[in-house]
Structures are given as structure tokens and as C-alpha cells.
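Okay, so here's the structure we're looking at.
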Amino acid sequence: MGSRITDENLRRDSLFDRLRETPITERRRVGERRLADILANAGQREVAAKHLRRRWAIGVVAALAVMILAAGIGYFYEAPGGFADRRLSKAMGLNGSTLHIPIGRTPEEAVEKFRRFDTMRVVHREAVDGGVLLFIKRNIQPNGTELQVEFVRRTWLGWKWGMGGGYGIGYGEPGEAGVRSLLNYMTMPSKYPGVPGPYPLVVGELTDASVAGVILKTSGEKPGKYAADIVEYEPGKRFWFVLLPEFAELPYTVQALDDQGNIAAEKTLKDPVNDTGDLRTSVGR
């Protein structure tokens with residue numbers, strides 16, 4: 001049988017005492033403080049997020065500005081008649097005149113635009129530091145031979161002519177009796193100061209099938225001995241070239257070797273600019 005709750009019983013109940021000591025309004029204040037703290041923390045996070053977004057936007061704008069500035073500088077440097085062309089013109093001694101070297105989509109197009117050749121056939125491409133060497137036949141010597149070598153630089157605008165040259169040797173007149181030509185050659189000097197390029201270079205054609213190799217020796221404080229690269233661009237038609245280090249010094253000695261590695265003929269090259277000629281030997285040797 002249940003007991004009856006009286007005022008006296010309630011006064012003795014500890015839970016009732018606790019409820020009476022902690023009014024509902026106080027509990028409400030505690031809840032409001034917690035809500036205020038939550039809102040304050042949320043506000044701080046929002047402010048931090050805004051600062052982060054602002055810094056990110058500033059970074060993006062700064063990066064775009066740098067890219068635009070770099071693109072502008074690059075354009076004025078490599079554009080036809082720009083700083084690179086003025087520097088090359090000065091190095092070549094073209095006082096008061098500036099080359100306007102056009103930009104090509106390919107190395108071949110860059111050479112065609114600059115040289116304006118009527119005919120041009122690329123027989124070999126050689127990748128080098130900063131670009132490519134094009135070995136070109138133009139078929140302008142019906143009774144002789146010729147070879148053109150052009151260095152083309154790769155820029156962010158496209159391909160651009162950097163340096164080059166060629167030679168031609170006619171065989172219209174009878175040669176010296178009892179002598180045959182083994183090879184011909186052309187020397188291309190060291191690159192101009194401050195101008196990129198793979199030079200010095202010695203190049204030529206092999207005019208006798210008995211030549212199996214070519215050796216080039218250099219002089220100076222660091223003399224060297226270099227085996228030439230030989231390229232057969234058509235059946236029975238070959239050319240040779242040697243890319244020398246910048247420190248290579250004249251005079252050079254070019255040697256034609258037979259299939260046994262013996263020296264069939266040799267010649268000393270002394271011209272510091274463009275030396276062109278051929279290497280001959282006695283018939284029957």
C-alpha cells in the first residue's frame with residue numbers, strides 16, 4: 001500500500017532540494033552562454049576562411065601577373081628584331097643594322113623564312129644543345145657538290161635560325177693528273193660570345209668510297225682527337241661532321257682513314273673563320 005506524499009516528505013527529499021537550489025532560469029543562462037560560444041567559434045572560423053580565400057586570391061593574381069610579365073619579356077627578347085636579334089647582329093659586326101629573324105613552326109620553316117632558298121632538301125637532322133642542326137642539299141652544283149649546315153634554336157615562340165653556312169665545290173675542270181679527292185670540308189668557327197650555338201664545327205662530304213673514317217685533331221692547351229660522325233643520306237652518298245668543344249683551338253688536322261684504319265691522306269686547317277677545300281691523295285695509293 002503506497003505512502004502518501006506530504007509537504008514534510010518533500011522537504012526531506014534531497015532531489016527536491018537540488019531542484020529548488022538550481023532554478024530553471026539559471027540553467028537557461030548556461031545554455032545561452034554555450035550557444036553564444038558556439039556562435040563565436042563559428043564566426044572566428046568564418047573570418048579565418050575569409051582570410052584564407054583572400055590570401056589565395058592574392059596569390060593567384062600575383063602568379064598571373066608574373067606569368068604575364070615573363071611572357072612579355074620573353075616576347076620582346078625573341079620577337080623578330082628583338083633583343084636576341086640585336087645581340088646577334090652586334091656579335092656579327094652588323095653595326096647600325098639589326099637582323100629581323102622570323103619565327104618558324106618547324107626548324108625547316110625557320111630556315112626557309114630566313115634564308116629564302118629556292119630549293120632546299122634536309123638530308124639529316126642532328127639534335128644538339130638548345131636546338132637542332134639541319135644538313136641541307138640545295139642541288140645548286142650540277143657538276144660538283146655543296147652542303148649547307150644551319151643551327152636552329154628552339155624558343156617558347158617557336159623555332160628560330162641561330163647560325164649557319166655552306167659551301168660549294170665545282171668539278172667543271174679536269175682535276176690534277178694522278179690525284180683523286182677523298183673528301184671535302186668546311187670549318188665553322190666558335191660561336192659568337194653570348195650567342196647560343198653548337199660550334200665550332202667541321203663538316204664535309206666523302207667523295208671516295210674507299211674512305212671508311214675521318215679523324216680530326218685539335219691543338220692548343222687541351223689538344224684532342226675526335227672521330228667524325230658519318231651519315232649516308234643516299235645510297236653511295238655520305239657526309240661527315242665533328243662537333244668540337246668550345247676550347248678546341250686551331251690548327252686542326254683532318255685525316256682520311258681506309259678500311260684498315262690507315263691514314264690515306266691528311267691536311268692541316270688553319271683558317272680561323274671559314275676554311276673550305278678538299279683532301280686529296282695520289283691515284284693507286
Side-chain angles (χ1 to χ4, degrees), residues 106-112 115 117-128 131-152 163-188 198-218 225-244 252-269 271 274-285:
T106 64
E108 292 81 1
E109 184 180 79
V111 172
E112 287 174 347
R115 290 294 193 185
F117 288 148
D118 293 330
T119 59
M120 183 180 104
R121 180 167 63 98
V122 176
V123 295
H124 181 67
R125 293 167 55 119
E126 185 74 16
V128 293
V132 64
L133 281 172
L134 298 182
F135 295 80
I136 298 169
K137 299 290 288 184
R138 297 178 57 207
N139 300 323
I140 58 175
Q141 287 281 5
N143 297 316
T145 185
E146 42 74 33
L147 186 64
Q148 189 87 15
V149 184
E150 305 288 351
F151 169 61
V152 189
M163 189 178 175
Y167 70 97
I169 297 178
Y171 298 139
E173 297 182 2
E176 184 181 346
V179 175
R180 77 178 193 273
S181 173
L182 298 180
L183 59 82
N184 54 55
Y185 62 85
M186 176 182 68
T187 63
M188 301 185 74
Y199 303 100
L201 166 71
V202 185
V203 62
E205 286 196 279
L206 299 178
T207 53
D208 193 285
S210 67
V211 178
V214 178
I215 295 293
L216 192 78
K217 294 182 176 181
T218 62
K225 180 179 179 181
Y226 305 92
D229 290 303
I230 296 178
V231 177
E232 185 173 35
Y233 61 93
E234 287 180 11
K237 293 185 177 181
R238 300 175 295 163
F239 70 84
W240 64 276
F241 68 95
V242 180
L243 288 167
L244 295 170
Y252 303 150
T253 299
V254 58
Q255 300 174 331
L257 308 181
D258 62 19
D259 57 1
Q260 300 298 315
N262 300 314
I263 299 174
E266 65 180 7
K267 186 177 182 179
T268 299
L269 315 180
D271 193 326
N274 287 323
D275 190 357
T276 303
D278 62 354
L279 184 58
R280 300 181 180 184
T281 189
S282 300
V283 175
R285 199 181 153 181

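A quick note: this is a predicted structure, and the numbers were derived from the prediction, not measured.
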What do the steps show when you test Gln148 against Glu150 for side chain to side chain donor-acceptor pair (under 3.5 Å), and what is the final call?
CA-CA 7 Å; Gln148 189 87 15; Glu150 305 288 351; 2.7 Å; yes
Test log, rule side-chain contact (heavy atoms from CB on, under 4.5 Å), inputs Leu244 and Val202:
CA-CA 8 Å; Leu244 295 170; Val202 185; 4.2 Å; yes
Go through the steps to decide whether Asn184 and Tyr167 satisfy the test side chain to side chain donor-acceptor pair (under 3.5 Å), and finish with yes or no.
CA-CA 10 Å; Asn184 54 55; Tyr167 70 97; 2.4 Å; yes
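- Here the closest non-hydrogen pair linking Ala264 and Thr281 is O-OG1, 3.4 Å.
- For the atom pair Thr207 OG1 and Arg280 CZ, the distance stands at 9.0 Å (nearest 0.5 Å).
- If you take CG on Asp259 and OG on Ser210, they are separated by 8.0 Å, rounding to the nearest 0.5 Å.
- Cation-pi geometry between Arg138 and Phe117 is satisfied (NZ or CZ under 6.0 Å from the ring centre, within 45° of the ring normal).
- Using a 4.5 Å heavy-atom cutoff, the side chains of Leu147 and Lys137 are in contact.
- Closest heavy-atom contact between Leu279 and Ala265: CD2-O, 3.7 Å.
- Under the 4.0 Å criterion applied to side-chain N and carboxylate O atoms, Arg121 and Glu108 are not assigned as salt-bridge partners.
- Checked against Leu134 for a side-chain contact (heavy atoms from CB on, under 4.5 Å), the options Val149, Val123, Val152 give a single hit: Val152.
- A 4.5 Å side-chain heavy-atom check between Asp275 and Tyr252 finds every atom pair outside the cut-off.
- Counting heavy atoms from C-beta on, the side chains of Pro198 and Leu133 come closer than 4.5 Å.
- Within the 4.5 Å cutoff, the side chain of Met188 has no heavy atoms near those of the Pro200 side chain.
- Partner of Val254 under the side-chain contact (heavy atoms from CB on, under 4.5 Å) criterion, chosen from Leu216, Ile215, Val242: Leu216.
- Atom CE of residue Met120 and atom CG of residue Asp118 lie 12.0 Å apart, to the nearest 0.5 angstrom.
- For the ring pair (Phe, Tyr, Trp, His ring centres under 6.0 Å) with Phe241, the lone residue among Tyr199, Tyr185, Phe135 that qualifies is Phe135.
- Taking 4.5 Å as the limit, some side-chain heavy atom of Ile136 sits within range of a side-chain heavy atom of Val111.
- Atom CD1 of Ile169 is separated from atom CD of Glu146 by 10.5 Å, given to the nearest 0.5 angstrom.
- Leu182 CG to Asp208 CG: the interatomic distance, rounded to the nearest 0.5 Å, is 5.5 Å.
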Do any side-chain atoms of residues 225-232 form donor-acceptor pairs under 3.5 angstrom with protein atoms, and if so which ones, sequence neighbours left out?
unit_1 : atom_1 : unit_2 : atom_2 : d
Glu232 : OE2    : Gly236 : N      : 3.0

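- Legend: residues meeting side-chain hydrogen bond (donor to acceptor under 3.5 Å, both in side chains) with Glu112, ordered by chain and number and at least two apart, are absent.
- Interatomic distance, NZ of Lys267 versus CG of Leu183, reported as 9.5 Å (0.5 Å rounding).
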